[in-house]
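One is the number of the first residue; the rest follow in order along the sequence.
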Amino acid sequence: MNCSITDLRNKEVINGKNGCRLGTVCDVEIDTCSGCVASIIIWGKGRFFGLLPSDNDIKIPWKDIEVIGNDTIIVCCDTACNNCTSSRRHNILETLFK
């Protein structure tokens, strides 16, 4: 199955190691020598109302992509997930019951 770069944009990216939602594909990096996609990029939250660049962009190498579905991309990476609701919920519950 072939996929264009436009098809990759705005797909949800899920970390297969912990089930965490990393964000959506915003950009790709292409190796100009080989013409192949080198990595996908997920933009982090921008600072100052999105006008300044973010320090927490996530770059996932193409070799770490396991599955590309219709709406979702599953990756296998060790990227820490700051926006994972399940870990936040777990921490809040731990705090309440201590």
Enumerate the residue pairs fulfilling salt bridge (Lys or Arg N to Asp or Glu O under 4.0 Å) with a member in residues 3-16, sequence neighbours excluded, ordered by first and then second residue. Glu12-Arg21
Nearest 0.5 Å, please: how far is CG in Asn18 from CG in Leu22? 7.5 Å
State, with a plain yes or no, whether a side-chain heavy atom of Cys77 is found less than 4.5 Å away from one of Asn15. yes
Is it possible for you to say whether Val75 and Leu8 belong to one hydrophobic cluster, with membership spreading through side-chain heavy-atom contacts below 4.5 Å? yes
Could you check whether atom CD1 of Ile30 has more than 12 heavy atoms from other residues, nucleotides or ligands sitting under 6.0 Å from it? yes
Can you tell me how far apart CD1 (Ile58) and OG (Ser39) are? Round to the nearest 0.5 Å. 12.0 Å
Is the shortest heavy-atom distance from the side chain of Ile65 to the side chain of Ile73 under 4.5 Å? yes
Report yes or no: do Ile74 and Val28 belong to one cluster of Ile/Leu/Val/Met/Phe/Trp/Tyr joined by side chain heavy-atom distances under 4.5 Å? no
With sequence neighbours left out, which residue pairs that include part of residues 64-77 fulfil the salt bridge (Lys or Arg N to Asp or Glu O under 4.0 Å) condition? none
Does some side-chain heavy atom of Ile60 sit less than 4.5 Å from a side-chain heavy atom of Val13? yes
Rounded to the nearest 0.5 Å, what separation is found between the CG atom of Asn70 and the CD1 atom of Ile68? 11.0 Å
Mind checking what makes side-chain hydrogen bond (donor to acceptor under 3.5 Å, both in side chains) contact with Ser34, not counting sequence neighbours? Asp31
Answer whether the closest heavy-atom distance between the side chains of Thr24 and Ile42 falls below 4.5 Å. no
Can you list everything that forms a salt bridge (charged side-chain N to carboxylate O under 4.0 Å, His left out) with Lys63? Sequence neighbours excluded, please. none
